[in-house]
Amino acid sequence: MDLCEQCVHYLYDEEWDCYECDVNLDEDDMVKFLQGCNTNCSFFRLYDEYGIVKKQM
């Protein structure tokens with residue numbers, strides 16, 4: 001599984017019928033992403049459903 005699929009910023013877009021990253025990358029980060037040079041995303045946050053529920057209790 002790709003790390004993007006486990007990130008809180010990876011959301012489903014109903015209009016385009018696909019998943020996409022919701023982070024607005026600046027020009028430098030976008031170039032690194034498109035070239036495949038940036039393997040460690042600085043915006044990555046693990047989607048932890050159990051952690052979210054714990055905060056709600």
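Quick note: numbers below take in every heavy atom, side chains included, and nothing from hydrogens, waters or symmetry partners.
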query = Do Phe43 and Arg45 have side-chain heavy atoms sitting under 4.5 Å apart?
reply = no
key: Distance, nearest 0.5 Å, that separates SG of Cys21 from CZ of Phe44   = 11.0 Å
task = Working to the nearest 0.5 Å, report the span between NZ of Lys32 and OG of Ser42.
result = 8.5 Å
message = In the structure I gave you, are the side-chain heavy atoms of Glu5 and Tyr10 within less than 4.5 Å of one another anywhere?
response = yes
Heavy-atom side-chain contact between Asp26 and Asp29 under 4.5 Å = yes
ask   = Is there a path from Val23 to Met30 through hydrophobic residues (I, L, V, M, F, W, Y) whose side chains come within less than 4.5 Å of each other?
value = yes
key: More than 12 heavy atoms from other groups under 6.0 Å of CG on Asp13   = yes
query = Around Tyr19, counting heavy atoms of other residues, nucleotides and ligands shown, do more than 12 lie under 6.0 Å from its OH?
reply = no
ask   = So how far is it from Glu20 CD to His9 NE2, rounded to the nearest 0.5 Å?
value = 13.5 Å
